[in-house]
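As a basis for the values below, the full set of heavy atoms in this structure was taken, side chains included, without hydrogen atoms, waters or symmetry mates. Keep in mind it's a predicted model, so treat the numbers as computed, not measured. Chain letters run A, B, ... following the sequence lines, proteins first and then strands; every chain starts at 1.
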There are 2 protein chains.
Amino acid sequence: MSKSHRSHCPITCSLDLIGDRWTLLIIRDMMFFKKQRFEEFLESAEGISTNILANRLKSLEEMNLVEKLPYSNHSRRMNYQLTEQGKSLRPVLKAMIAWGLKYIPDTKIPDDDVTYQ
Amino acid sequence: MSKSHRSHCPITCSLDLIGDRWTLLIIRDMMFFKKQRFEEFLESAEGISTNILANRLKSLEEMNLVEKLPYSNHSRRMNYQLTEQGKSLRPVLKAMIAWGLKYIPDTKIPDDDVTYQ
DNA sequence: CGGGATCCGTCTTGATACTG
DNA sequence: CAGTATCAAGACGGATCCCG
């Protein structure tokens, strides 16, 4: 990710940026589950380890898909939030949700939840 | 890819199946560029190596996104074609194309071409 | 305590050479 | 032409440590 582009193809370039097993999961957490903190991503993203998470958050910042803001003046706590460019990935995630729900057995949206909107 | 699911989340599961740097590129070649043969994918998919291509094609077959058909009786040539399930990934690719074109500099659709439809 | 960095063993990926 | 074998490089998981 975030390496030099392999081509001018928008699919190839998109995959260069977000085509791994974790990046879109972190964006999902921010977009649909309103997660904002390191520890929340750790819990939510099915088994990501701390070094990988730190690495992906840094990449996402460098790609301007996410911005890192201090939680308050008196805490080291950080908030990670989607930028406009990050939010614009919603149609991509929605398309994947629709495809997954239709074609992958056992995928579902939790009924007690209004997520994925 | 094609390992056991990490969860019931349709995004996570979709990423388990197609969330790597090559799989969607091969599907792009079949869907938009009408490629069907091993060698065509090798040329088109910006530097994929033969073992990775063979591996991904096998995975795609096992996931029933692609089917492998003999080209003729008297040739070892194989044709790889999208199944209905594979074709149903079009909206995902279209969403990535739209995002890439809008947010990644230097991405473009070749003007002499009517691809990506 | 939150947010990482570092180290290490393992698993995955990939470039290259080779084969039917 | 369409792959397989080999082996090196890199990505990853988990534990541990660190720093404010």
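- Phe41(A) comes within 4.0 angstrom of no nucleic acid atom, judged by non-hydrogen atoms across all strands.
- Between Asn55(A) and Trp22(A) there is no side-chain heavy-atom pair separated by less than 4.5 Å.
- Within 4.0 Å (heavy atoms only), Lys58(B) reaches no atom of the nucleic acid at all.
- Sorted by first and then second residue, the salt bridge (charged side-chain N to carboxylate O under 4.0 Å, His left out) pairs involving residues 27-39 of chain B (not counting sequence neighbours) are Arg28(B)-Glu46(B).
- Scored by the side chain to side chain donor-acceptor pair (under 3.5 Å) test, Thr107(B) finds no partners at all (sequence neighbours excluded).
- OP1 or OP2 of dA2(D) has at least one side-chain nitrogen or oxygen of Arg37(B) nearer than 4.0 Å.
- Screening residues 89-98 of chain A for salt bridge (charged side-chain N to carboxylate O under 4.0 Å, His left out), with sequence neighbours left out, gives no hits.
- Rounded to an integer number of Å, the gap from Leu53(A) CG to dG2(C) P is 14 Å.
- Regarding Gln36(B), its CD atom lies at a distance of 16 Å from the C1' atom of dA2(D), rounded to whole Å.
- Across the protein-nucleic acid pair, Met78(A) atom CE and dC1(C) atom P stand 19 Å apart, rounded to whole Å.
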Quick one: which protein N/O atoms are closer than 3.5 Å to N/O atoms of nucleotides 17-20 of chain C? Pair and distance per line, please.
from	atom 1	to	atom 2	distance (Å)
dG20(C)	N2	Arg76(B)	NH1	2.2

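- One atom, CD1 of Ile52(A), and another, C1' of dG3(C), lie 16 Å apart when rounded to the nearest Å.
- Between Asp20(B) and Arg56(B) the shortest side-chain heavy-atom distance falls below 4.5 Å.
- OP1 or OP2 of dG2(C) has not a single side-chain nitrogen or oxygen of Lys68(A) nearer than 4.0 Å.
- Distance CZ (Arg21(B)) to C1' (dT13(C)): 11 Å, rounded to an integer number of Å.
- One atom, CD1 of Ile48(B), and another, C1' of dA2(D), lie 14 Å apart when rounded to the nearest Å.
- Listed by chain and residue number, Glu84(A) satisfy the salt bridge (charged side-chain N to carboxylate O under 4.0 Å, His left out) test with Lys87(A) (two or more places apart in sequence, or in another chain).
- Atom CG of Asn55(A) is separated from atom C1' of dG10(D) by 12 Å (rounded to the nearest Å).
- The side chain of Ala54(A) has dA5(C) as its nearest neighbour among dC12(D), dG2(C), dA5(C).
- Considering only side-chain N and O atoms, Ser49(A) lies under 4.0 angstrom from the phosphate OP1 or OP2 of dG13(D).
- For the pair Leu60(B) CG and dG3(D) C1', the computed distance is 16 Å after rounding to whole Å.
- Comparing dG14(D), dG3(D), dG14(C) by their nearest atom to the side chain of Trp22(B) picks out dG14(C).
- Not one side-chain nitrogen or oxygen of Arg56(B) sits closer than 4.0 Å to the OP1 or OP2 atom of dT12(C).
- With sequence neighbours excluded, no residue satisfies salt bridge (charged side-chain N to carboxylate O under 4.0 Å, His left out) with Lys68(A).
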